[in-house]
Amino acid sequence: MIDRSIVPDKYVITSVLKACGSNLALREGKEVHGQAVKLGLGSNRLITMKLMELYGKCGEFDFARKVFDKMVERDVVASTIMINCYLDYGLVEQAIEVFDQVWIKDTVCWTAMTDGLVKNGEMNRALEMFRAMQKDNVRPNEVTIVCVLSACSQLGALELGRWVHSYMGKKHGIELNHFVGGALINMYARCGDIDEAERVFAMMKERNVITYNLMISGLAMHGKSVEAIETFQGMIKQGILPTSVSFVAVLNACSHGGLVDLGFEIFHSMTRDYGIEPQIEHYGCMVDLLSRVGRLQEAYDFIRSLKIAPDQVMLGAFLSACKIHGNLELGEQIARTLINDGVVDSSTYVLLSNVYASSGKWNEAAQIRAKMKEGGIQKEPGCSSIEVNNEIHEFLLGDIRHPQKEKIYKKLEELNQILREEGYTPATEVVLHDIEDWEKEHALAIHSERLAICYGLISTRPCTTIRVVKNLRVCDDCHSMIKLIAKITRRKIVVRDRKRFHHFENGSCSCGDFW
DNA sequence: GTAGGGTTAG
């Protein structure tokens, strides 16, 4: 409500416009701006910039641009607001166009552009931006560091992440605050160096619930269940109240560690001790917890007892466990529910098809694939990446774009030869007889993680750890193959898949073949 | 003045 009894000044109008922007109240904002114009404040810089922000936040970037173009003094601050208007709506190229025209860019402007690229999934361009910023002699601050670390964590760029960490340590005035500390823990955990994540965590003087959540989920991701639970308990001892996110993290740790009773105790403590109502993701953790250890009937009954409808992730956890524990009947019941509901994404289709295929029900598997085709549902392309000499190398299925492709495929063939001699037969050869043609192509092609690993083998020093990041789950065949590769090459191979880490060493994997 | 860490379960 606008109180019309008092005549507002420019400060009042600025703060009301700001509030309208935060609440996406476009109509009210326009009204306030109209008032400002009537009061002769239409060309006030602060008010004009707030109007741009308002338009931007409400998705009206064309209007924001018109205001921007009319501004007499289009300095770095106004340009940064315009850049953010575009970046919030994914218009990266338009943002860059404005950015390029800024004559003297400051830290905020560089950081906004870098962060916008990260938020729009353009990690490599974000890192390029960071390098360009340093060439331009603009000093990064804490915010810049957090953005760059976020890009590193998503890319799995451990080398660069380490470089950023050491840059901070060299008296560049970067403080290890909550944000920077959290970003570092997240970066190390997600880049596969959980020990270093723990070291940063231990070094931090002050930790908040987010710091703890990051550490707990990092430990859980690496299969360090006991440490994750201890960290959770340590947080409570410190008097920090857990949030709903903390519970997902710690329940996830319980399920990876097979700690059913403790998991239930923690689950019950949510409402009892902290007044946090479980959400679908917490129920999902409980289903996962029961299913993993093979208590499938209990998991099934648990799902049925819920007042809310199960989602694909929850059913996926159950289905995946049915496949591993060889309980097709319960799995099929759930599968039917999934298909009938008709809202199934590509990964669940793939999982369903694999469940059928694993028990030799080829017709059913083929039907699922046909349904996918019918509905025009495409499997998300698998993509693996590896960082070598500060550069991220990306590989798709059967990728031949890499400049060193000959060497990579030669290495792959060499490994296949050794594996065959060791008596290893790829699971795909068995599968091939009973699946559809298009699937054969996929099965025959070379999965991206193998290419990334082979590139790692030829381009890094012997005995060093190879770290690969994959956007999807690792398939069974690749998983067993990587175990053997780790053994014969005497390398540690760390693979981050969509959900967790696999540390391959000397023929076995830290996930205990259950993922 | 403009920019910052967790979306977690398959």
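Every chain is numbered from 1 and lettered A, B, ... according to where its sequence line falls, protein lines coming before strand lines.
- The ring pair (Phe, Tyr, Trp, His ring centres under 6.0 Å) contacts involving residues 225-253 of chain A comprise F232(A)-F247(A), F247(A)-Y274(A), where partners must be two or more places apart or lie in separate chains.
- The CD-P distance, from E73(A) to dT2(B), rounds to 16 Å in whole Å.
- At whole-Å resolution of the value, NZ in K50(A) and C1' in dT2(B) are 8 Å apart.
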> Using a cut-off of 4.0 Å between protein heavy atoms and nucleotide atoms, how would you tag nucleotides 5-10 of chain B 5' to 3' with B, S and -?
Replying inline: BB-BBB

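- If you check every strand for non-hydrogen atoms under 4.0 Å, D88(A) touches nothing.
- Rounding to whole angstrom units, CG of residue L51(A) and P of dT2(B) are separated by 15 Å.
- The number of heavy-atom neighbours closer than 6.0 Å to CD1 of I308(A), taken from other residues, nucleotides and ligands shown, is above 12.
- Sorted by first and then second residue, the pairs that involve residues 198-213 of chain A and meet salt bridge (Lys or Arg N to Asp or Glu O under 4.0 Å), not counting sequence neighbours, are E196(A)-R199(A), E198(A)-K224(A).
- Counting all heavy atoms, side chain and backbone alike, A157(A) lies closest to C191(A) at N-SG, 3.7 Å.
- Candidate nucleotides dA3(B), dT2(B), dG4(B) were compared by shortest atom distance to the side chain of D106(A), and dT2(B) ranks first.
- Whole-Å rounding puts the N84(A) CG to dT2(B) P distance at 10 Å.
- Going from atom CG of N141(A) over to atom C1' of dA3(B) covers 8 Å, rounded to whole Å.
- Across the protein-nucleic acid pair, K57(A) atom NZ and dA3(B) atom C1' stand 11 Å apart, rounded to whole Å.
- In this structure, CG on L149(A) lies 7.5 Å from CE on M168(A), to the nearest 0.5 angstrom.
- In terms of modelled atom types and a separation under 3.5 Å, the side chain of S320(A) and the main chain of G316(A) share no donor-acceptor contact.
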